[in-house]
**Q** 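Here's a structure for you.
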Amino acid sequence: MRSIRAAATGAVMLSLALAASACGGGSSTGGGSNDSPKELTYWASNQGASIEIDKKVLQPELDKFEKQTGIKVRLEVVPWSDLLNRILTATTSGQGPDVLNIGNTWSASLQATGALLPWDAKTFDAIGGKDRFVDSALGSTGAEGQDPAAVPLYSMAYALYYNKQMFADAGIDGPPATWDELVAAGKKLTKDGTWGIGMEGSNPSENVHHAFVFAEQHGADFFTADGRADFANEGAVTAVKQYVDLMAKDKIIAPGNAEYAQNQSVSDFAKGRTGMLLWQSASANLTSQGMSEDAYGIAPVPVRSGSPGPGKQVNSMVAGINLAVFKNTDNLDGATEFVKFMTSDTEQKILNTAYGSIPPVKAAQQDTAFNSPANAVLKDTLATSAAALPQVPEESQFETAVGTAVKNLFADAAAGREVTTASVKAALTKAQQQMPTK
């Protein structure tokens, strides 16, 4: 999922949606049909620097689809801060789009509502087959053992972006590969009003993504094998403290970053206020902020040690956007045709190039357009060292609860309050208590 989004605040609404009978989609007739074969409503997520930029990217492609099929697509680009709650309202009201973008980390949560069309083998065959898609992207399309609730559309991965000139001026030979090296580099860069690295401390989604990756590196997870919340285990506590300590202890993040939630850290990096940035597929975003591609390098997110120690070689969560269809769409055939169009090799090249993301479709991913050094790092990370966030029905509540707990810990650090192992454990314990019991 794209990191600009604000955290979903729909934990209560999600609980209601899970309890409700499954409905939703473009029609109030209660089931998939072809009653309106000449039109579709599409909710797209805000992927670009603005909603207007998204419209400029998408509308020519939708016009192309209409010319090919005779089906007019009514487009609405929905901000991330509104998207999950809009979707959940649609699942309970029965009024919503035919086709929609969802953050891939929401797949299992929305799957549990029963409102989305399952992508079984027959449905996948209608869009060219399941084997067209990269395995890591398919891993974030719903709960294990069930037919996927969505189809991958855009793939993204976290990477470390670093300012080449600032590194050279500070006498740093190359990008850090371990966390010790990252802290050491950050301290050299933190001087004269510039800082080592930027974060979005007030963005719960960003917080939970980093906490998840760091926990994986420590050999830990936030859920047990049978799907129970386990937020305050030793590895998770250590991971969250390591993240917050970049501000609280190491002093390489500006205290003001505790209030960042909407791309401010990208802007700081682009303007030379920070020397490093951890971000999902940031190249297009940095270009829109006026930063030349020659000015920065890109490397995998550091791990605990070079080997990487007792944890896992995980450099990113599997980030991205999936495309879903509401079950009760009144243009089922058209919706399927639209998904086929959007995931075609040609459209995958066009759309992922525009957004600086990686195609989750194998053939498109091999195109020379995605062979830049930056894309090489992202593709390798997705193929070899990215892990999917827990595909459990409570995933959305997990993002909100843990992400907000980390947000509050950053606020403590910014205010000069000590962040200890005990305080981190207490915060994560409180977050776990907010989760529904099984």
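Computed over heavy atoms, backbone and side chain alike; hydrogens, waters and symmetry mates excluded.
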**Q** Within the distance-only criterion (no hydrogens, no angle test), does the side chain of Thr400 pair as donor or acceptor with the backbone N or O of Gln397 below 3.5 angstrom?
**A**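 Not a single qualifying donor-acceptor pair exists.
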**Q** Apply side chain to side chain contact (heavy atoms under 4.5 Å, CB included) to Lys249 and Val419, showing your working.
**A** CA-CA 8 Å; Lys249 176 185 173 184; Val419 176; over 6 Å; no
**Q** Atom CG of Leu116 and atom OG1 of Thr91: how far apart are they, to the nearest 0.5 Å?
**A**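 Leu116 atom CG to Thr91 atom OG1 measures 8.5 Å (nearest 0.5 Å).
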**Q** What orientation do His210 and Tyr243 show, parallel under 30°, tilted 30 to 60°, or perpendicular over 60°?
**A**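 The rings of His210 and Tyr243 sit tilted, inter-plane angle from 30° to 60°.
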**Q** Taking side chain as C-beta onward, heavy atoms only, is Asp147 less than 4.5 Å from Trp119?
**A** no
**Q** What verdict does the side chain to side chain contact (heavy atoms under 4.5 Å, CB included) test give for Asp98 and Val325, after you've listed the backbone C-alpha separation in whole Å, the side-chain angles of each residue and the deciding distance to 0.1 Å?
**A** CA-CA 6 Å; Asp98 300 284; Val325 174; 5.8 Å; no
**Q** Is it the case that Gln242 and His218 place a side-chain donor and acceptor less than 3.5 Å from each other?
**A**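 Yes, His218 and Gln242 have a side-chain donor paired with an acceptor closer than 3.5 Å.
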**Q** Parallel under 30°, tilted from 30 to 60°, perpendicular over 60°: which one fits the rings of Phe398 and Phe222?
**A** tilted
**Q** Give, for atom OG1 of Thr274 and atom CD1 of Ile253, the distance between the pair rounded to the nearest 0.5 Å.
**A**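 That separation rounds to 10.0 Å.
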**Q** What are the two closest heavy atoms between Gly48 and Asn46, and how far apart are they?
**A**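 Closest approach of Gly48 to Asn46, heavy atoms only: O-ND2, 3.4 Å.
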**Q** Begin from the C-alpha positions of Trp106 and Leu84 and carry the test side chain to side chain contact (heavy atoms under 4.5 Å, CB included) through to its verdict.
**A** CA-CA 8 Å; Trp106 300 341; Leu84 181 60; 3.8 Å; yes
**Q** Can you confirm whether Pro118 sits close enough to Asp120 that some side-chain heavy atom of one is under 4.5 Å from a side-chain heavy atom of the other?
**A** no
**Q** Are the side chain of Gln264 and the backbone of Ala261 linked by a donor-acceptor contact shorter than 3.5 Å?
**A**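 Checking the backbone N and O of Ala261 against the side chain of Gln264, a donor-acceptor pair under 3.5 Å is found.
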**Q** Determine whether a donor-acceptor pair (N or O, by modelled atom type, separation under 3.5 Å) exists between the side chain of Gln217 and the backbone of Val314.
**A**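 At least one qualifying donor-acceptor pair exists.
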**Q** Looking at Gly142, is its backbone amide N or carbonyl O close enough to the side chain of Gln391 to form a donor-acceptor pair, meaning the two atoms are under 3.5 Å apart?
**A** yes
**Q** Can you confirm whether more than 12 heavy atoms, excluding those of Asp125, are under 6.0 Å from its CG atom?
**A**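 Buried by this count: over 12 neighbours within 6.0 Å.
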**Q** Any sub-3.5 Å donor-acceptor pair from Ser292's side-chain atoms to Asp294's backbone N or O?
**A**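 Yes; at least one donor-acceptor contact below 3.5 Å.
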**Q** Nearest 0.5 Å please: distance from the CG atom of Leu286 over to the NZ atom of Lys271.
**A** 10.5 Å
**Q** Rounded to the nearest 0.5 Å, how far apart are NZ of Lys55 and CD of Glu76?
**A** 8.5 Å
**Q** Hey, are the side chains of Asn101 and Leu323 touching, using non-hydrogen atoms and a 4.5 Å cut-off?
**A** yes
**Q** Ignoring hydrogens, what is the shortest heavy-atom contact between Pro148 and Gln111? Give both atom names and the distance.
**A** C-NE2, 4.2 Å
**Q** For the atom pair CG (Leu428) and OG (Ser423), what is the distance rounded to the nearest 0.5 Å?
**A**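 OG of Ser423 is found 9.5 Å from CG of Leu428.
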**Q** Considering only heavy atoms from C-beta outward, does the side chain of Val237 approach that of Phe231 to under 4.5 Å?
**A**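 No; the side chains remain at least 4.5 Å from each other.
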**Q** For a quick check under 3.5 Å, do Thr420 and Glu418 share a side-chain donor-acceptor pair by atom type?
**A**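 Checked: Thr420/Glu418 side chains show no N/O donor-acceptor pair below 3.5 Å.
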**Q** Closest heavy-atom contact between Lys130 and Phe124?
**A**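 Closest pair (atom of Lys130, atom of Phe124, distance): CA-CD2, 3.7 Å.
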**Q** Ignoring hydrogens and angles, tell me if any N or O in the side chain of Asn233 forms a donor-acceptor pair with the backbone of Gly235 under 3.5 Å.
**A** yes
**Q** Is Arg86 salt-bridged to Asp82, cutoff N-O under 4.0 Å?
**A** no
**Q** Any chance you could measure Leu378, atom CG, to Met156, atom CE, to the nearest 0.5 Å?
**A**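 Leu378 CG to Met156 CE: 10.5 Å, rounded to 0.5 Å.
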**Q** Please answer whether the main-chain N or O of Gly403 pairs with a side-chain N or O of Asn207 as donor and acceptor at a distance below 3.5 Å.
**A**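 It does hold such a pair.
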**Q** Please determine whether a side-chain nitrogen of the Lys or Arg among Arg132 and Asp345 lies less than 4.0 Å from a carboxylate oxygen of the Asp or Glu.
**A**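 Yes, charged N to carboxylate O under 4.0 Å.
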**Q** Go through the side-chain N and O atoms of Ser107 and Asn322 and say whether any donor and acceptor fall under 3.5 Å apart.
**A**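 Yes, Asn322 and Ser107 have a side-chain donor paired with an acceptor closer than 3.5 Å.
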**Q** Does the Asn285 side chain pair with the main chain of Ala282, one donor and one acceptor, at a distance under 3.5 Å?
**A**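 Here the side-chain-to-backbone pair does not exist.
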**Q** Which atoms form the tightest heavy-atom contact between Pro300 and Leu160, and what is the distance?
**A** O-CB, 4.0 Å
**Q** What are the two closest non-hydrogen atoms of Asn163 and Gly272, and how far apart are they?
**A** ND2-CA, 4.4 Å
**Q** Take a 6.0 Å sphere around NZ of Lys164 and say whether it holds more than 12 heavy atoms from other residues, nucleotides or ligands.
**A**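 For Lys164, atom NZ is crowded (more than 12 foreign heavy atoms under 6.0 Å).
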**Q** Is it true that Tyr154 and Tyr355 have ring centroids separated by less than 6.0 Å?
**A** yes
**Q** For the pair Asp412 (side chain) and Arg417 (backbone), establish whether a donor and an acceptor sit closer than 3.5 Å, ignoring hydrogens and angles.
**A**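 No; judged by distance alone, with no hydrogens or angles, the pair does not exist.
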**Q** So do the side chains of Pro97 and Phe326 get within less than 4.5 Å of each other, counting heavy atoms only?
**A** yes
**Q** Could you tell me whether the side chain of Ile321 reaches within less than 4.5 Å of the side chain of Asn104, counting heavy atoms only?
**A** no
**Q** Please report whether the ring centroid of Phe269 lies less than 6.0 Å from that of Trp279.
**A**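 Between Trp279 and Phe269, the centre distance exceeds or equals 6.0 Å.
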**Q** Can you tell me if Gln348 and Thr343 form a side-chain donor-acceptor pair at under 3.5 Å?
**A**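 Judged by distance alone, the side chains do not pair up.
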**Q** Set out, in order, the CA-CA distance, both residues' side-chain angles and the distance that settles side chain to side chain donor-acceptor pair (under 3.5 Å) for Ser265 and Asp268, then state yes or no.
**A** CA-CA 5 Å; Ser265 60; Asp268 281 354; over 6 Å; no
**Q** Backbone N or O of Ser396 within a donor-acceptor pair of the Ser109 side chain at under 3.5 Å?
**A** yes
**Q** Looking only at the side chains, is there a donor atom on one of Asn371 and Lys379 sitting less than 3.5 Å from an acceptor on the other?
**A**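 Per modelled atom types, Asn371 and Lys379 side chains form a pair under 3.5 Å.
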**Q** Step by step, work out the side chain to side chain donor-acceptor pair (under 3.5 Å) result for Asp230 and Thr224.
**A** CA-CA 6 Å; Asp230 184 25; Thr224 62; over 6 Å; no
**Q** Are Gln47 and Ser45 close enough, and set up right, to give a side chain to side chain donor-acceptor pair (under 3.5 Å), and what steps lead you there?
**A** CA-CA 6 Å; Gln47 297 300 124; Ser45 51; 2.7 Å; yes
**Q** Check step by step if side chain to side chain contact (heavy atoms under 4.5 Å, CB included) holds for Leu389 and Val318.
**A** CA-CA 7 Å; Leu389 262 72; Val318 178; over 6 Å; no
**Q** Taking the side chain as every heavy atom from C-beta outward, state whether Gln365 and Val361 have any atom pair closer than 4.5 Å.
**A** no
**Q** Would you indicate whether the side-chain heavy atoms of Thr194 and Arg273 approach each other to under 4.5 Å?
**A**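 No, side chains not in contact.
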**Q** Looking only at heavy atoms, what is the nearest atom pair of Lys251 and Ala248, with distance?
**A** NZ-O, 3.1 Å
**Q** Before we go on, tell me: are the rings of Tyr296 and Tyr162 under 6.0 Å apart, centre to centre?
**A** no
**Q** With distance as the sole criterion, is a donor-acceptor pair present between the side chains of Asp180 and Thr178 under 3.5 Å?
**A**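 Note: Asp180 and Thr178 side chains miss the donor-acceptor criterion.
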**Q** Taking the six-membered ring for Trp and the full ring for Phe, Tyr or His, determine whether the centres of Trp80 and Trp43 are under 6.0 Å apart.
**A** no
